[in-house]
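Counting from 1, the numbers follow the sequence of the chain as shown.
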Amino acid sequence: MSAQPLAQPLAEAAASVASQAHPLAQQLGHPLAASAASLVQSVDWLAVAPPLIAAVVALGVLVADLFLPESRKNVLGWISIAGLAAAALMLLPLLDGDRATFCLTGAGSGTGAGPGSVTGAPRACSYAADHFTLVIQLLVLGGALLAALLSITTLDDDRRRVPSGEFWFLLLSATAGAALLPAARDLATLIVALEVASLPAFALVGIRHGDRRSAEAALKFFLSSVTATAVSLMGVSFVYASTGTLYLTQVAQRLPDTPGQLHTLAQTGVVLTLIGFAFKTAAVPFHFWVPDTYVGAPLPVAAYLSVVGKAVGFSGLILVTVVAFPSYADVWGPALAVLAALTMTVGNVGALRQQATRARSAVRLLAWSSVGQAGYLLVPIAAAGYAKDAQKAIGSTVAYALMYAAVNLGAFAVAAVVGRGRAGNRISDYRGLYATNPVTALLMAFFLLCLAGLPPGVIGLFAKVTVFSAAVGAGLGWLAVVMAVNVVIALFYYLQWTALLFRAPEGETVRHRIPAPLTAAIALAGVAGVALSGAPQLVLRFAATGLF
């Protein structure tokens, strides 16, 4: 007898049994039902709009590049700027309250009273648009917008060696990843966002055709970032093996209760994850790629990396330490304190050693300065490992990052102006800038004084005081002393550069013509710096209130 006639009745019977068993399994709390229910996730399109708009515009620019003639490629830049502005404006509807999406809705999600749920536990979501997310996304999108304004002029000047379509696609793609990262609330999304932000940046650094220095800088950046990613992935895999979850809130709950045989694995995973993010923040000894990368990259890309790239690393570090690993504060607190001391010292000493007559010494000094500033940014994160109120300490880092973003981008914008007339972009090229471009010189002096923490750059002074108070409040008096010494070291080279702007020019004076996009970038950075200096207390209040 053939088996074919029996196949269909058997299949129908099996389907009938399965359909009757599924509701029964749900009523009995069967693990299979709980697992199936947990796969149902909600999507809040308004919450994901900022990074989504950047990604969609990136694809649109890439497609439009295929059809636009070479003479009209500059339209792509303005489309990109409009897209970044639209993404930033989409932050406004999100200010009314915290939003979360891509959340587990069944058992183990931390909500509801279903089988396996944890009553009162935090909700397990992959994406959260809370206050912390919005502040960092504002920094990322605002920084990318200013870098895009700088890029329009650079692409016009260097059109033959920099393909505009690919450049704008890569810049928008990196920005989409950078805007996604502060919203990530599981380790998988965190790593994916980190790579989406990093991979286009490699290509941006080496995008200038026929430039050996640019290619070398891209290779150094690539190798260091790949190493960081490999270390981070190994750490994340160890944490997942120890806790059985990737959600940050659930990792925080389960790490303290890790079984004894997995305790060493969990500790190793935490340490490796922190090391990977230390690479991304350019903390010493993982800073070696910064000076050569900034010097070799196109100037707008260096400006982008100094602000947006740094925001990516620090927001990821804050999420894994304060949100995912609070039970290991006794490990990452002291480690980050030592890294902060080393980073600010090495960065400021490296900036101090720059020779004014060396080619590209201005950009190299800004690169070393950014390493030193990274050390200051690490101080409150380290203090969060000791302080009772971790949110207040983290708020100091966010407030400092907002100040640093505005004034550092302004300094890079002025460097782009001087670089148009002086290809070497030496510090000595800034001598007598006040005689030829008084407004530009005054703004550059303001930006440098903000970075130094001196009046009239009140926001710089205020930001440094908040970092000092975070260290002292956490009992890290020795770190506050190290920071004070480094602030004095930084004063020397910042004031030396500032004084050079107002000295009598040597030889023939060069009047720098400033295109409209570059003027807009300098003006926006100047307005932001002056506004923040006018109401510095609002910055800390805005940055520290209800971060998580």
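To the nearest 0.5 angstrom, Leu501 atom CG is 11.0 Å from Arg503 atom CZ. Once rounded to the nearest 0.5 Å, the distance linking NZ of Lys280 with CZ of Phe286 reads 12.5 Å. Distance check, rounded to the nearest 0.5 Å: CZ of Phe447 to CG of Leu366 gives 12.0 Å. How far CZ of Phe314 is from OH of Tyr404: 9.0 Å, rounded to the nearest 0.5 Å. The distance from the CD atom of Gln373 to the CE atom of Met344 is 10.0 Å, given to the nearest 0.5 Å. Considering OH of Tyr400 and OG1 of Thr466, their distance stands at 8.5 Å, rounded to 0.5 Å.
Using a 4.0 Å cut-off between a side-chain N of Lys or Arg and a carboxylate O of Asp or Glu, Arg185 and Asp130 qualify as a salt bridge.
Residues Leu532 and Phe462 form no side-chain contact, since every pair of their non-hydrogen atoms from C-beta on lies 4.5 Å or further apart. Considering only heavy atoms from C-beta on, Phe221 comes within 4.5 Å of Leu305 through its side chain. By the 4.5 Å heavy-atom criterion applied to side chains, Leu141 and Pro50 are counted as neighbours. For the pair Ser225/Trp289, no side-chain contact is recorded, criterion being any heavy-atom separation below 4.5 Å from C-beta on. Contact of the Val226 side chain with the Phe279 side chain is not registered, since no non-hydrogen atoms from C-beta on lie closer than 4.5 Å. At a threshold of 4.5 Å between non-hydrogen side-chain atoms, the residues Pro455 and Leu449 do not count as touching. Looking only at side-chain heavy atoms (C-beta outward), Leu187 and Tyr240 stay at 4.5 Å or farther from each other. By the 4.5 Å heavy-atom criterion applied to side chains, Val485 and Ile489 are counted as neighbours.
Applying the side-chain hydrogen bond (donor to acceptor under 3.5 Å, both in side chains) test to every pair with at least one member in residues 300-311, sequence neighbours left out, gives these pairs: Ser306-Asn408. Judged as a side-chain hydrogen bond (donor to acceptor under 3.5 Å, both in side chains), the pairs with a partner in residues 322-348 (not counting sequence neighbours) are, in order, Thr345-Asn486, Asn348-Tyr376, Asn348-Asn486, Asn348-Tyr493.
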Item to check | Pair Leu46-Met90, side-chain contact (heavy atoms from CB on, under 4.5 Å): steps then yes or no | outcome: CA-CA 8 Å; Leu46 182 61; Met90 289 307 298; 3.4 Å; yes
Checklist entry - Can Phe325 and Val239 be said to form a side-chain contact (heavy atoms from CB on, under 4.5 Å), step by step? => result CA-CA 10 Å; Phe325 305 149; Val239 170; 4.0 Å; yes
Item to check | Residue pair Gln355, Ser361: steps toward the side-chain contact (heavy atoms from CB on, under 4.5 Å) verdict | outcome: CA-CA 7 Å; Gln355 300 175 1; Ser361 55; 6.0 Å; no
Item to check | Working for side-chain contact (heavy atoms from CB on, under 4.5 Å), residues Gln253 and Thr249 | outcome: CA-CA 6 Å; Gln253 290 174 344; Thr249 52; 5.6 Å; no
Next on the checklist: What verdict does the side chain to side chain donor-acceptor pair (under 3.5 Å) test give for Thr133 and Tyr127, after you've listed the backbone C-alpha separation in whole Å, the side-chain angles of each residue and the deciding distance to 0.1 Å?
Outcome noted: CA-CA 10 Å; Thr133 300; Tyr127 187 104; over 6 Å; no
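Leu139 and Ala405 make their closest contact through CG-CB, 4.0 Å (heavy atoms, listed as atom of the first residue, atom of the second, distance). When all heavy atoms of Arg254 and Thr243 are compared, the pair lying nearest together is NH1-O, 3.1 Å. Taking each heavy atom of Ala351 and Ser369 in turn, the nearest pair found is CB-N, 4.2 Å. For the pair Thr189 and Ala184, the tightest heavy-atom approach, listed with the atom from each and the gap, is CG2-CB, 3.7 Å. When all heavy atoms are compared, the tightest approach of Leu377 to Ala401 is CD2-N, 3.7 Å. Between Ala324 and Leu255 the shortest heavy-atom distance is O-CD1, 3.9 Å.
Other residues, nucleotides and ligands contribute only 12 or fewer heavy atoms inside 6.0 Å of the CZ atom of Phe492. For CZ of Phe202, the number of neighbouring non-hydrogen atoms (other residues, nucleotides, ligands) closer than 6.0 Å is greater than 12.
Checking Val487, Ile459, Leu454 one by one against Lys464, the side chain to side chain contact (heavy atoms under 4.5 Å, CB included) holds for a single residue, Val487. For the side chain to side chain contact (heavy atoms under 4.5 Å, CB included) with Val271, the qualifying choice from Thr273, Thr268, Leu274, Ile275 is Ile275, the only one to do so.
Checking side-chain atoms of Gln137 against main-chain N and O of Ala179 turns up a donor-acceptor pair under 3.5 Å. At distances below 3.5 Å, not a single donor-acceptor pair connects side-chain atoms of Glu195 with backbone N or O atoms of Ile191.
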